[in-house]
Amino acid sequence: LDIKGSVTPPDIVQAIQAESAESCVVVITYDLPTAKRYHSLDNRLVLSCSAKGTEGVARLLKSGIPAANLIAFVGVYEASRDVYALLHEKRICAILGTMGNRDRKARRNGVQTYVELLQNGADILATDEVELASKAIASYLQSQAEARRAEVTPGIPVRGYALAWSDEFSGTALDMTKWGYRNLGPR
């Protein structure tokens, strides 16, 4: 919900509550005091807040608004990996605005332009090129799913991990003189 003009935060929150839309709306705020105001009016709202640079992220994290209520707008220029890392460490999604130069580049060069932004850490693209960005997101998600499948395929090494111990079983039953198990119930 991008609020423009003279509508007050209490009026916006009242309208959201009247429609029971608290779980369906993200309120876009353009400064931290406004975000804090919306949070004080309804602490269930999810707020899009500006977080440009590591200093902006630090201010956002110190704002008193829980991370679960935040989505960070990192700007229209690509944020550093440090910015994305700080946000992702707190499980906060990052919105990158691609309107203008990035969208023109994507029109010229194709979906890979957006895929690279997602690979670098952007979670949400604010774009005027919805169809092209949608294709990029689908491509990115497919490559991520393939990478996750490879990570759990037995016998395929996982980058960053080393096998510390393994045991191979050749029978049809567990040798209870060597092994035990816990029945922890249904999952």
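For the single chain, residues carry numbers from 1 onward in sequence order. The basis for the numbers below is simple: all heavy atoms, side chains too, and nothing from hydrogens, waters or symmetry mates.
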[X] side-chain N/O to [Y] backbone N/O, donor-acceptor pair under 3.5 Å:
X: S48; Y: V27; result: no
X: H88; Y: C93; result: no
X: T127; Y: V130; result: no
X: D123; Y: I95; result: no

>> Regarding K135 and E131, does a basic nitrogen lie under 4.0 Å from an acidic carboxylate oxygen?
In response: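 So K135 pairs with E131 through a salt bridge.
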
Do the side chains of [Y] and [X] get nearer than 4.5 Å, heavy atoms only?
X: L41; Y: P10; answer: yes
X: Q112; Y: S139; answer: no
X: L1; Y: V26; answer: no

Distance from [X] atom [atom1] to [Y] atom [atom2], nearest 0.5 Å?
X: K52; Y: Y77; atom1: NZ; atom2: OH; answer: 9.5 Å
X: I28; Y: Y30; atom1: CD1; atom2: OH; answer: 5.0 Å
X: Q17; Y: R44; atom1: CD; atom2: CZ; answer: 5.5 Å
X: L96; Y: E78; atom1: CG; atom2: CD; answer: 6.0 Å

> Do you know the tightest heavy-atom contact between V13 and Y38?
Replying inline: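 Closest approach of V13 to Y38, heavy atoms only: CG2-CD2, 3.7 Å.
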
>> On a heavy-atom basis, which atom in L60 and which in A72 lie closest, and how many Å separate them?
In response: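 Residues L60 and A72, closest heavy atoms: CD2-CB, 4.0 Å.
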
>> Tell me whether Q144 at atom CD has more than 12 heavy atoms from other residues, nucleotides or ligands lying less than 6.0 Å away.
In response: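 Atom CD in Q144 is packed in, count exceeds 12.
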
>> Between Y114 and D103, is the side chain to side chain donor-acceptor pair (under 3.5 Å) condition met? List the steps.
In response: CA-CA 9 Å; Y114 295 131; D103 283 347; 2.5 Å; yes

